[in-house]
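These notes are about the structure you will find just below.
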Amino acid sequence: MRIMTVIGARPQFIKAGVVSRAIARTEGLDEVIVHTGQHFDANMSQVFFDQLGLPKPDHLFDINGGSHGEMTGRMLTQIEAVIGSDKPDVMMVYGDTNSTLAGALAAAKLHVPVAHVEAGLRSFNMKMPEEINRILTDNISDILFCPTQVAVDQLSREGFDQKPAKVEWVGDVMQDSALTFADMAQMPSEVAGQTRFVLATVHRAENTDVPERLAAIVHALNTVHRDVAPVILPLHPRTKKMIAQAGLSLEVRTIDPVGYLEFLALLKDCALVATDSGGVQKEAFFFTKPGVVMRDQTEWTELVENGANVLVGADAEQIVAETRAALNKTIMDDGSLYGGGTASNRIANSLKATFF
Ligand code: UD1
Ligand code: UDP
């Protein structure tokens, strides 16, 4: 049975890495990897293939930049062509990026069943491109792999119990990845020796593309760096561009985006995490670090409910106050929320049982 995997953005390389290994271990499953090119810098793309042992893409496009419609449209055209030539039995997509929606939509229109990893997540903010992508993708998927019980319950509320689509709790593949690679973590040389620091990441359009939110976050991180604890910020290209355009000045320790093994070392060694990333807010929890989440909503509500993470929006005062408070928090992960590293095997087994 042939699975076509469409990926294109940094977190998707990480998620697909462990699932791809599980597919390779499962007899009868064969994978074709399509990389849309949405992320293309070496430190946003190639490094993950190198570090995670993800096979070289069978098809590599160069589709990035432009408007959402333009990017997604170009992806649709090219993915449609490789579905035609490679004839997959199943299309597998991850998360909520434009590459996710393009892969799912191209397949669904050609009657190729779609498997969605990270199904059922909602922020209930339809201004986010990710929310639109994930709702549409879920609704044209045939098998919905949910990372949390909250996601399963959400799909049930949306009526998926009455649809032919199959909804399965499998746990979170990002926890599988963190557990698989934690021992190989290597601290980036430019910040080696730094202790008791805040690990920060910022890239959400809702923060970077709204000038007052971006200014508040930059101001807050500068204040934390000066008054609370040193801040290390691997700077996403979108954020770098928007900060330069806005004429803002970052006084924290910025570094270029790092590879996954380097990021894992930062997660292991930091005191806490301040982020607007979907993945990083969970990785903080996997490494039992408190999270200060610079968003108004989160799809990972269980971590706010259990007190591991706190939502602070783009409110400078709250970011600083909650960062200070989080320094004294203790976090425990007993593995029950996200499956404890079993998600990718569940996915491979389910694909085989469903489609083979
Ligand atoms: C995308 C996803 C977002 C995800 C994020 C992961 C969508 C709508 N957004 O956001 O859900 O959280 O990836 O990081 O799909 N750029 C570079 N080099 C790169 C990659 C991007 O310079 O290697 C630049 C692009 O040219 C563009 C900007 O960064 O100007 C944003 O890239 P884009 O892929 O559109 O969105 P992200 O913010 O990365
Ligand atoms: N990450 C990385 N290097 C970095 C920053 C993040 O390898 O410099 C990894 C991180 O470990 C996580 C993933 O990238 O697994 C998160 O991606 P991102 O924040 O870009 O996207 P999101 O999860 O918000 O969609």
Side-chain angles (χ1 to χ4, degrees), residues 6-18 35-48 50-52 62-72 75 93-103 118 121 123 127-134 137 147 172-178 180-182 185-186 188 190-191 199-209 232-242 244-245 254-268 270 273 275-284 286-287 293-295 298-300:
V6 171
I7 48 182
R10 171 167 72 185
Q12 294 168 331
F13 309 134
I14 294 163
K15 291 165 198 170
V18 275
H35 181 341
T36 60
Q38 181 171 348
H39 286 178
F40 49 91
D41 291 338
N43 60 7
M44 296 291 289
S45 173
Q46 186 60 45
V47 66
F48 302 102
D50 296 342
Q51 292 189 340
L52 308 182
D62 180 22
I63 306 171
N64 42 68
S67 67
H68 284 282
E70 185 188 348
M71 185 195 284
T72 313
M75 287 175 184
V93 294
Y94 292 83
D96 51 24
T97 72
N98 291 345
S99 299
T100 313
L101 178 60
E118 266 195 6
L121 296 178
S123 67
K127 295 253 153 54
M128 291 176 66
E130 293 85 0
E131 185 76 352
I132 299 167
N133 289 341
R134 59 172 86 98
T137 301
D172 186 4
V173 294
M174 291 192 74
Q175 184 158 51
D176 299 21
S177 187
T180 305
F181 293 100
Q186 48 193 50
E190 60 266 51
V191 291
L199 174 60
T201 77
V202 185
H203 77 278
R204 288 273 153 200
E206 78 228 47
N207 285 332
T208 60
D209 297 11
I232 297 179
L233 173 65
L235 199 53
H236 191 285
R238 171 191 281 279
T239 316
K240 187 174 183 177
K241 194 166 81 182
M242 297 311 284
Q245 257 178 38
T254 57
I255 56 176
D256 286 335
V258 295
Y260 184 60
L261 300 180
E262 288 78 10
F263 200 78
L264 290 181
L266 290 166
L267 282 161
K268 275 177 152 181
C270 71
V273 171
T275 189
D276 63 3
S277 159
V280 177
Q281 61 188 281
K282 265 175 306 142
E283 288 173 333
F286 302 156
F287 289 91
V293 178
M294 297 182 282
R295 292 190 39 199
T298 178
E299 304 79 35
W300 308 100

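First listed ligand is number 1; within each ligand, the first listed atom is number 1.
Of the possible donor and acceptor atoms, none in the side chain of Ser177 sits under 3.5 Å from a partner among the backbone N and O of Val18. Gln281 places no side-chain N or O within donor-acceptor distance of the main-chain N or O of Val293, the cut-off being under 3.5 Å. Within the 3.5 Å criterion, the main-chain N or O of Leu233 finds no donor-acceptor partner in the side chain of Thr254. Using modelled atom types, one side-chain atom of Gln51 and one backbone atom of Tyr260 make a donor-acceptor pair closer than 3.5 Å.
Arg238 CB, 4.0 Å is the protein heavy atom nearest to atom 28 (C) of ligand 1. Ranking protein heavy atoms by distance to atom 25 (O) of ligand 2, first place goes to Pro11 CG, 3.4 Å. Of all protein heavy atoms, the one lying nearest to atom 34 (O) of ligand 1 is Gln38 NE2, 3.1 Å. In terms of protein heavy-atom proximity, atom 8 (O) of ligand 2 is nearest to Val258 N, 2.9 Å. Scanning the protein heavy atoms around atom 35 (O) of ligand 1, the nearest turns out to be Met71 CE, 3.6 Å. At the shortest separation from atom 13 (C) of ligand 2 among protein heavy atoms lies Ile14 CD1, 3.7 Å. For atom 1 (N) of ligand 2, the nearest non-hydrogen atom of the protein is Phe263 CG, 3.8 Å. Ranking protein heavy atoms by distance to atom 19 (O) of ligand 2, first place goes to Ser277 OG, 2.7 Å. Of the protein's non-hydrogen atoms, Phe48 CE2, 3.2 Å is the one closest to atom 7 (O) of ligand 2. Scanning all protein heavy atoms for the shortest distance to atom 24 (C) of ligand 1 gives Pro237 CB, 4.1 Å. Here the heavy atom of the protein found nearest to atom 17 (C) of ligand 1 is Phe40 CZ, 3.3 Å. The shortest contact between atom 5 (C) of ligand 2 and any protein heavy atom is with Arg10 NH1, 3.3 Å.
Those atoms of ligand 2 with a heavy atom of Gly278 less than 4.0 angstrom away are 22 (P), 23 (O), 24 (O). With ligand atoms numbered from 1 in the order given, ligand 2 contributes 8 (O) to contacts under 4.0 Å with heavy atoms of Pro234. Ligand-side atoms of ligand 1 in range of His68: 8 (C), range being under 4.0 angstrom from any heavy atom. Against a heavy-atom cut-off of under 4.0 Å, Gly259 is close to the following atoms of ligand 2: 7 (O). For ligand 1 and His236, the ligand atoms under 4.0 Å from any heavy atom of the residue are 14 (O), 37 (P), 38 (O), 39 (O).
Residues satisfying the side chain to side chain contact (heavy atoms under 4.5 Å, CB included) test with Thr72, not counting sequence neighbours, are Asn98, Leu101, Ala102. In terms of the side chain to side chain donor-acceptor pair (under 3.5 Å) criterion, residue partners of Asp172 (sequence neighbours excluded) are, by chain and number, Lys282.
Taking each of Arg10, His203, His39, Lys240 in turn, the one with a heavy atom nearest to atom 32 (O) of ligand 1 proves to be His39.
Residues Phe13 and Val47 have side chains not in contact (no heavy-atom distance under 4.5 Å, counting atoms from C-beta outward). Looking at Ile232 and Cys270, their side chains never come closer than 4.5 Å, going by heavy atoms from C-beta outward. Contact annotation: the side chain of Val93 never approaches that of Ser99 to less than 4.5 Å [non-hydrogen atoms, C-beta and beyond].
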Could you walk me through whether Thr137 and Asp96 pass the side chain to side chain contact (heavy atoms under 4.5 Å, CB included) check?
CA-CA 8 Å; Thr137 301; Asp96 51 24; over 6 Å; no
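By the 3.5 Å distance cut-off applied to N or O atoms, Arg204 is counted among the residues near ligand 2. Any N or O atom pair closer than 3.5 Å counts here, and Gly279 shares at least one such pair with ligand 2. In terms of polar-atom proximity, defined here as any N/O pair under 3.5 Å, Thr201 makes no such contact with ligand 2. In terms of polar-atom proximity, Glu283 is counted as a contact of ligand 2, with an N or O under 3.5 Å from an N or O of the ligand. For Lys241, a nitrogen or oxygen atom sits less than 3.5 Å from a nitrogen or oxygen atom of ligand 1, counting backbone and side chain alike. At least one N or O atom of Asp41 sits closer than 3.5 Å to an N or O atom of ligand 1. At a 3.5 angstrom cut-off on N or O pairs, Asp256 does not count as close to ligand 2. By the 3.5 Å distance cut-off applied to N or O atoms, Met174 is not counted among the residues near ligand 2.
Screening Glu130, Met128, Glu206 for a side-chain contact (heavy atoms from CB on, under 4.5 Å) involving Ser123 leaves a single residue, Met128. Each of His39, Gln38, His35 was scored for a side chain to side chain donor-acceptor pair (under 3.5 Å) with Ser45, with one residue passing: His35.
At a cut-off of 3.5 Å, with distance as the only test, a side-chain donor of Asn207 or Asp276 sits close to an acceptor on the other residue. Side-chain contact check for Thr239 and Thr208: no donor-acceptor pair (N or O, by modelled atom type) lies under 3.5 Å.
Residue contacts with ligand 1 for Glu130 involve side-chain atoms from C-beta outward but no N, CA, C or O (heavy atoms, distance under 4.0 Å). Neither the backbone nor the side chain of Ser45 has a heavy atom within less than 4.0 Å of ligand 1.
Using a 4.0 Å heavy-atom cutoff, Pro11 is listed among the residues neighbouring ligand 1.
Taken from CD in Glu283 to CG in Leu267, the straight-line distance is 5.5 Å, to the nearest 0.5 Å. How far CZ of Arg295 is from CZ of Arg204: 5.0 Å, rounded to the nearest 0.5 Å.
More than 12 non-hydrogen atoms from other residues, nucleotides or ligands lie less than 6.0 angstrom from NZ of Lys268.
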